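See below for the structure under consideration.
Position 1 is the first residue of the sequence, and the numbers go up from there. Since we're looking at a predicted model, the values are computed, not measured. Reckoned from all heavy atoms, side chains included, excluding hydrogens, waters and symmetry mates. Atoms within a ligand are numbered from 1 in the order they appear, just like the ligands themselves.
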Amino acid sequence: MKIALVTGAGRGIGRETARRLTEHGMTVFAGVREESHAPEGTRPVLLDVTDPAMAANAAKLIGEEFGRLDVLVNNAAICGDAGVTPAEATAEHMRATYEVNVFGVVTVTHAMIPLLRASGTGRIVNMTTRLASVGLTVAGDDFNAGWPMLAYNSSKSALNALTVLYANELRESGITVNAVDPGLCATDMTGGTGNRTAAEGAAAVVRMATLGADGSTGTFISEERPLPW
Ligand SMILES: NC(=O)c1ccc[n+]([C@@H]2O[C@H](COP(=O)([O-])OP(=O)(O)OC[C@H]3O[C@@H](n4cnc5c(N)ncnc54)[C@H](OP(=O)(O)O)[C@@H]3O)[C@@H](O)[C@H]2O)c1
């Protein structure tokens, strides 16, 4: 049986991802900040991704019981500058956003790498967005032009860069690392805006979390297609 950890699993796409991974027969640790928010059938683990002690504790808990981790979904994130233009955004917007979306991912990933190496077929999925694509933004993509968020978008561009660097090093340990855009999903983060449900967004994530032995690594994809960096 595969062992998975999903961060931010109490609501939105993370919750749906955790739920769907249990349907794939996995034992799923739901990283939550409030235990009662973990979806049914999952194992709640208290995890604020900005807290290295909590990440270490989660790794200890999973390690002591299973000795490995097969799937890590870095889903927890915030978007603190919706409606704020680049000229209005401050370093504080950047700091708060990077704390969760970038440093939080590094905190959790760093804590879990030994367990992922022990899996032999570790799968890391980093939740990104097409807004992270510098290529699309440079090309004047309409969608990206409509959401010009300095902190959120650039934090996910940084996450994409981390994805490639982790992928390159961890390939030898059989670990794939991919950045997945779930599409525009109606969740709390988007204020309910979106042409997809959280469950539909989770589908692409689950696909990359359940890649076979020859699975791709170091990619940036949506459900439909690879996206330009
Ligand atoms: N919705 C979209 O259209 C969309 C599009 C592209 C990418 N994404 C990405 O998909 C992921 C999920 O988004 P969503 O729309 O489901 O967002 P959401 O509904 O706002 O949920 C965010 C989740 O992150 C958790 N979280 C925030 N800060 C945390 C922290 N410091 N430690 C631990 N957990 C924390 C929240 O936990 P609490 O419940 O404890 O606050 C919540 O579970 C994010 O990475 C987002 O950037 C979303």
Option whose closest heavy atom lies nearest to atom 7 (C) of ligand 1, chosen from Asp181, Asn195, Thr128: Thr128

Taking 4.0 angstrom as the limit, do Glu23 and Arg20 come out as a salt bridge? no

Quick one: does Asn195's side chain have a donor or acceptor within less than 3.5 Å of a partner on Cys185's backbone? no

Criterion side-chain hydrogen bond (donor to acceptor under 3.5 Å, both in side chains) against Asn74, the qualifying member of Thr109, Thr7, Thr163: Thr109

Just to be sure I'm reading this right: ignoring hydrogens, which of Ile13, Asn75, Asn74 gets closest to atom 11 (C) of ligand 1? Compare them by their nearest heavy atoms. Asn75

Would you say Arg11 and ligand 1 have an N/O pair spaced under 3.5 Å apart? yes

Write out the residue and atom name of the closest protein heavy atom to atom 28 (N) of ligand 1, then the distance separating them to 0.1 Å. Arg33 NH2, 3.5 Å

What is the closest protein heavy atom to atom 17 (O) of ligand 1, and at what distance does it sit? Met189 CB, 3.5 Å

Carboxylate-amine/guanidinium proximity below 4.0 Å for Glu223 and Arg196: yes

Applying a 4.0 Å heavy-atom criterion (strictly less than), which segment of Asp48 is in contact with ligand 1: side chain, backbone, both, or neither? both

With heavy atoms of Val100 as the reference, note each atom of ligand 1 found under 4.0 Å away. 28 (N), 31 (N)

How are the rings of Trp229 and Phe220 set to each other: parallel, tilted or perpendicular (split at 30° and 60°)? tilted

Can you list the atoms of ligand 1 that are under 4.0 Å from a heavy atom of Leu184? 3 (O)

Assess whether a salt bridge exists between Asp181 and Arg130, defined as any Lys/Arg side-chain N lying under 4.0 Å from an Asp/Glu carboxylate O. no

Do Asn160 and Thr128 pair up side chain to side chain, a donor and an acceptor below 3.5 Å, judged on atom types alone? yes

Using a plain distance cutoff, I'd like to know if Gly14 has any nitrogen or oxygen under 3.5 Å from a nitrogen or oxygen of ligand 1. no

As an exercise, identify every atom of ligand 1 less than 4.0 angstrom from a heavy atom of Thr190. 1 (N), 2 (C), 3 (O)

Do the side chains of Arg117 and Glu169 get close enough for a salt bridge, i.e. N-O under 4.0 angstrom? yes

Quick one: nearest non-hydrogen protein atom to atom 25 (C) of ligand 1, plus distance? Gly8 CA, 3.8 Å

Cys79 heavy atom under 4.0 Å from ligand 1: no

Yes or no: does Val49 have any heavy atom under 4.0 Å from an atom of ligand 1? yes

Check each heavy atom of Leu47 against ligand 1 and say whether those closer than 4.0 Å belong to the side chain, the backbone, both or neither. backbone

Please classify the Arg130 to ligand 1 contact at 4.0 Å (heavy-atom distances, strictly less than): side chain, backbone, both or neither. neither

With heavy atoms of Gly12 as the reference, note each atom of ligand 1 found under 4.0 Å away. 16 (O), 19 (O)

Just to confirm my output: which protein heavy-atom neighbour is closest to atom 10 (O) of ligand 1, and how far is it? Met127 CE, 3.4 Å

Go through the side-chain N and O atoms of Ser154 and Tyr98 and say whether any donor and acceptor fall under 3.5 Å apart. yes

Run the salt-bridge test on Glu16 and Arg11 with the 4.0 Å N-O cut-off and return the result as yes or no. no

Run the numbers on Thr219 and Asn178 for side-chain hydrogen bond (donor to acceptor under 3.5 Å, both in side chains), then give the verdict. CA-CA 5 Å; Thr219 69; Asn178 291 290; 2.6 Å; yes

Does a side chain donor of either Glu92 or Thr90 reach within less than 3.5 Å of an acceptor in the other side chain? no

Let me see the working for Glu65 and Lys60 under salt bridge (charged side-chain N to carboxylate O under 4.0 Å, His left out), right down to the final yes or no. CA-CA 9 Å; Glu65 190 169 347; Lys60 186 163 175 277; over 6 Å; no

Thinking salt bridges, do Arg123 and Asp70 make one under a 4.0 Å N-O criterion? no

With a 4.0 Å cut-off on heavy atoms, is Arg196 in contact with ligand 1? no

For Asp188, counting its heavy atoms only, list the atoms of ligand 1 lying under 4.0 Å from any of them. 19 (O)

Shortest protein contact, atom 46 (C) of ligand 1 (heavy atom only): Tyr152 OH, 3.5 Å

Looking only at protein heavy atoms, identify the closest one to atom 34 (N) of ligand 1 and say how far it is in Å. Ala76 CB, 3.4 Å

Is it true that Arg95 and Glu99 have a side-chain N and a carboxylate O under 4.0 angstrom from each other? no

Just jot down the ligand 1 atoms closer than 4.0 angstrom to any heavy atom of Ile78, in number order. 27 (C), 28 (N)

Under 4.0 Å to a heavy atom of Thr187 - the qualifying atoms of ligand 1, by number: 1 (N), 14 (P), 15 (O), 16 (O), 19 (O)

Considering only the protein, which heavy-atom contact is closest to atom 22 (C) of ligand 1, and what is its distance? Ala77 O, 3.8 Å

Tell me: protein heavy atom nearest atom 4 (C) of ligand 1, and distance? Gly183 O, 3.8 Å

Should the proximity of Ala198 to ligand 1, defined as any heavy atom under 4.0 Å, be assigned to the side chain, the backbone, both, or neither? neither

